[in-house]
Each structure stands twice: as structure tokens, then as C-alpha cells.
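Heads up: the structure comes next, in C-alpha cells.
Indexing begins at 1, ligand by ligand and atom by atom, following the structure's order. All residue numbers in this chain count up from 1 along the given sequence.
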Amino acid sequence: MNAPVEIKLPEKTAGYRTFTLGQLTFQRDEYFVTITWPAKGQRQSHTMSADAFLRALMRDVAWGFFYGLVNFDAVFGTRNLYGRVELFAGRYNEAIHKAGLSYVEVFETPQAMAKFKEILSDWVNEGFDPFAAPAETGAAAAFGEKRGNNLKAIERFRVATKRMPGLEGDSPLREESNGYAINRAFADVAQDEPEIKAEPGFEKELHGFNLFKYLSRSDVTWNPSVTSVCKQSLFCPTTEEYILPIIHGNDRVEWFVQLSDEITWEVGDRETGRPRARLTMKAGDVAAMPADIRHQGFSKKRSMLLVWENANPDLPKRYERGELPPYPVEF
Ligand code: PHB
Ligand code: FE
């Protein structure tokens with residue numbers, strides 16, 4: 001454990017509050033976010049663009065720290081310990097970690113979550129939507145001195161579906177009437193719904209919906225939402241445009257099914273970030289992301305991706321113990 005180092009930061013910069021969580025500090029100015037942490041008896045610091053930081057922070061908050069590692073960039077991020085969460089600086093950056101300059105600190109999840117939500121509500125200006133594609137939000141609004149806020153955008157958390165959208169008592173389907181217009185990129189997507197004829201008595205059990213229509217009306221990017229739950233098997237489709245704002249370090253295998261258009265994935269080693277593969281997925285392609293990698297996607301045109309997750313809570317421990325190979329199939 002590093003000895004605490006006194007640090008004096010201004011309470012506000014450019015109108016934005018400065019935040020402290022344990023030994024970590026977070027400061028934002030007109031263009032950048034600077035994070036500091038103690039190492040080798042000094043303060044180390046790391047700076048990233050404010051818009052990239054806020055897009056990443058939005059995902060981490062909306063997803064409840066997600067599966068495994070959420071790298072905001074090559075230096076800073078969070079690791080979900082399910083109940084607790086580790087914040088790290090440089091821990092999964094080979095050069096920083098080897099130089100002895102990395103730092104990790106573990107928090108109870110509600111404590112870290114509350115602080116992250118506070119940062120988000122203070123640092124997101126009016127007119128900037130960290131969930132939106134850059135072409136669909138006020139890019140300039142991300143920057144400059146603090147101006148208002150955008151609570152409506154940041155309180156739009158992940159849709160909690162119990163079985164399938166549209167079932168009685170479950171999350172709603174997306175329609176014009178509940179505020180979901182067809183996205184400009186999906187104007188050609190058919191909007192008809194399947195006809196469902198259930199045997200009497202099974203009306204609440206048999207269900208189906210047009211997933212392409214549902215996705216064509218997504219108002220956010222890079223935000224998987226559950227559309228079917230079968231025990232631990234979760235289908236989490238999402239629409240993607242520009243860059244996945246985080247670099248995800250899996251703690252389990254996950255499958256990708258490219259439903260439309262194209263995404264390129266950069267895949268690196270989970271621990272060090274060393275590059276491993278570059279993968280371009282076209283409509284219809286299926287890939288498994290191994291449990292020992294980190295990945296980030298790039299989508300030139302808004303596309304539809306199905307992320308298939310195994311939510312079994314035993315998986316991270318089983319991979320750590322080496323009980324399971326990091327890939328899902330042997331050929
Ligand atoms: C992932 O980390 O696998 C992931 C996250 C968000 C997306 C797509 C994939 O939108
Ligand atoms: Fe992932």
C-alpha cells in the first residue's frame with residue numbers, strides 16, 4: 001500500500017467540481033480530465049479528453065461496472081469484483097505497472113457508484129449526450145466552461161428486461177408513441193411485427209417481436225440491452241456508431257453476432273494490452289471473444305450487433321483457477 005501523499009487541488013476548475021475517491025483525484029477543465037494517484041511517494045497523473053472520459057464513465061455507471069475490466073483508455077479504469085469494485089491507474093498498462101507506478105484501490109460498489117454519478121452529473125454540460133453518436137450530439141457542448149447539465153440523458157440507464165421486451169409486465173417495445181423514432185441510419189428497416197397465435201392458456205408465454213425494428217429505434221450507441229433471458233443466457237443487442245467508449249477486458253467468453261453493416265474490433269491481451277488481433281465483422285459474421293483479452297470496436301456506419309452473454313456468476317473464478325480454457329470451442 002502506498003503512503004498517502006497530501007495533495008491540494010482547487011475545489012473547482014472552469015466551473016467543474018474536483019472529486020476525490022480514496023487516494024484518487026479527478027479534475028476536469030475545458031478540454032481534459034486529469035486523474036492523479038499515489039505511487040513511489042509521489043503523485044502520478046494521467047490526462048484524457050473530457051468527451052472520451054464522459055462517454056466511458058456513462059457506460060460504467062449505466063452497466064453497474066459491467067463484466068470484468070472497463071478500461072477508460074490504456075491507463076485508467078475499473079474492475080468489477082461483484083459487490084466491490086477496484087479502481088485502477090496503470091495496473092493493466094504494461095509499462096506503467098512494470099515501472100512500479102500503478103495503483104489500485106477497492107471500494108464498496110455503492111460508494112464508487114455514488115461518486116461516479118456525482119461526477120457525471122456535474123461534468124456533463126447541457127446539450128452533450130454521452131450515449132449518443134458524435135454526429136448526433138452537440139460535440140462542442142462536451143467542452144468549454146461548465147454550462148448547465150443534461151440529467152435527462154445521463155439518467156437513461158440500461159433497460160431492465162426480465163424475459164423479453166413486449167411481454168406483459170416486462171420492458172416495452174419501441175414505438176413512435178413512446179418516444180423512439182427510427183434512426184437515420186435504419187430508414188430502410190421493415191417495421192412489421194410477427195403475428196403470434198398462442199394456444200389458449202399460453203397467451204402470456206408465447207411471444208416474439210421484430211428485433212430489427214426494435215434496434216432501428218435505439219436512441220443510444222454502444223449500450224447493450226437485454227432482449228431475451230433464458231436462465232444465464234442473455235441476448236444483449238445494441239446499435240453501434242463511432243468507437244466503443246471503453247476497452248472491455250472480459251472475465252468470461254462472450255459471443256458477437258454481427259446483425260448488420262460492419263464493425264472492426266481491436267483485440268489485445270487483457271493483462272498487458274499487447275495487440276493480439278484485428279477483426280472485421282460483416283453482417284452475418286459470428287465471433288467468440290476469449291476470456292483473456294480486451295477489445296474495442298469501431299463502426300463507421302451505425303450497425304446492429306448482438307452480444308451474447310453468459311451471466312453465470314461462477315465464471316470469473318473458474319477462469320482464474322484455470323479450470324476453463326479462455327476460448328469456448330476446440331476444433
Ligand atoms: C463488449 O464489451 O463486449 C461490448 C460492450 C458494449 C457494446 C458492444 C460490446 O456496445
Ligand atoms: Fe466485451
Against ligand 1, does [X] come closer than 4.0 Å with any heavy atom?
| X | answer |
| --- | --- |
| Tyr67 | no |
| Trp63 | yes |
| Thr221 | no |

Distance to 0.1 Å, residue and atom name: give those for the protein heavy atom nearest to [atom].
| atom | result |
| --- | --- |
| atom 4 (C) of ligand 1 | Leu244 CD2, 4.1 Å |
| atom 3 (O) of ligand 1 | Glu254 OE2, 2.8 Å |
| atom 1 (C) of ligand 1 | His295 NE2, 3.4 Å |
| atom 2 (O) of ligand 1 | His248 ND1, 2.8 Å |
| atom 10 (O) of ligand 1 | Glu240 OE2, 2.6 Å |

Checking Trp123 against Leu54 for the side chain to side chain contact (heavy atoms under 4.5 Å, CB included) test, could you report, in this order, the C-alpha distance in whole Å, the side-chain angles of both residues, the deciding distance, and whether it holds? CA-CA 8 Å; Trp123 289 2; Leu54 293 171; 3.8 Å; yes
Counting C-beta onward and ignoring hydrogens, is there a side-chain heavy-atom pair between Phe209 and Arg174 closer than 4.5 Å?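 No, their side chains stay 4.5 Å or more apart.
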Side-chain touch Leu87/Phe107, heavy atoms, less than 4.5 angstrom: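 Contact flag for Leu87/Phe107 side chains = yes.
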State whether Lys12 and Asp122 are salt-bridged, where the test is any N-O pair (Lys NZ or Arg NE/NH1/NH2 against Asp/Glu carboxylate O) under 4.0 Å.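 Salt bridge flag = no for Asp122 with Lys12.
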Arg84 CZ: over 12 foreign heavy atoms closer than 6.0 Å: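 Incorrect, the count does not exceed 12.
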Crowded around Tyr31 OH? As in, over 12 foreign heavy atoms under 6.0 Å?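 No, OH of Tyr31 has 12 or fewer neighbouring heavy atoms, counting only those of other groups under 6.0 Å.
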In ligand 1, which numbered atoms sit nearer than 4.0 Å to a non-hydrogen atom of [X]?
| X | answer |
| --- | --- |
| Pro224 | 6 (C), 7 (C), 10 (O) |
| Thr238 | 10 (O) |
| Asn223 | 10 (O) |
| Phe256 | 3 (O) |

Using the ring of each side chain (for Trp, its six-membered ring), is Trp265 parallel, tilted or perpendicular to Trp222, with breaks at 30° and 60°?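 Taking Trp222 first and then Trp265, their aromatic rings stand perpendicular (interplane angle over 60°).
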Students often mix this up, so state it plainly: with edges at 30° and 60°, are the rings of Phe26 and Phe53 parallel, tilted or perpendicular?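 Correct class here is tilted.
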Side-chain heavy atoms under 4.5 Å apart, restricted to Ile/Leu/Val/Met/Phe/Trp/Tyr: what other residues fall into the cluster of Tyr242, or is it alone?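 Via sub-4.5 Å side-chain contacts, Tyr242 links to Ile243, Phe298.
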Are Trp63 and Phe256 co-members of a hydrophobic cluster defined by side-chain heavy atoms under 4.5 Å apart?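 In one cluster with Phe256: Trp63, yes.
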Are Ile247 and Phe72 joined in one hydrophobic group, where the rule is that I, L, V, M, F, W and Y side chains link up if heavy atoms are under 4.5 Å apart?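 Cluster IDs for Ile247 and Phe72 differ.
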Protein N, O or S atoms under 2.8 Å from the Fe ion (ligand 2):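 Near the Fe ion (ligand 2), the number of protein N, O or S atoms below 2.8 Å is 3.
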Derivation of the side chain to side chain contact (heavy atoms under 4.5 Å, CB included) call for Thr161 and Thr227: CA-CA 7 Å; Thr161 297; Thr227 57; over 6 Å; no
Quick one: which of Arg274, Arg278, Arg294 gives a salt bridge (charged side-chain N to carboxylate O under 4.0 Å, His left out) with Glu266?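 Result for salt bridge (charged side-chain N to carboxylate O under 4.0 Å, His left out) with Glu266: Arg278.
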Using a 4.0 Å heavy-atom threshold (strictly under), name the region of Arg59 that reaches ligand 1: side chain, backbone, both or neither.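 Neither; nothing of Arg59 gets under 4.0 Å from ligand 1.
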Using heavy atoms and a threshold below 4.0 Å, how should the contact between Trp265 and ligand 1 be classified: side chain, backbone, both, or neither?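 Trp265 to ligand 1: side-chain contact only, backbone stays beyond 4.0 Å.
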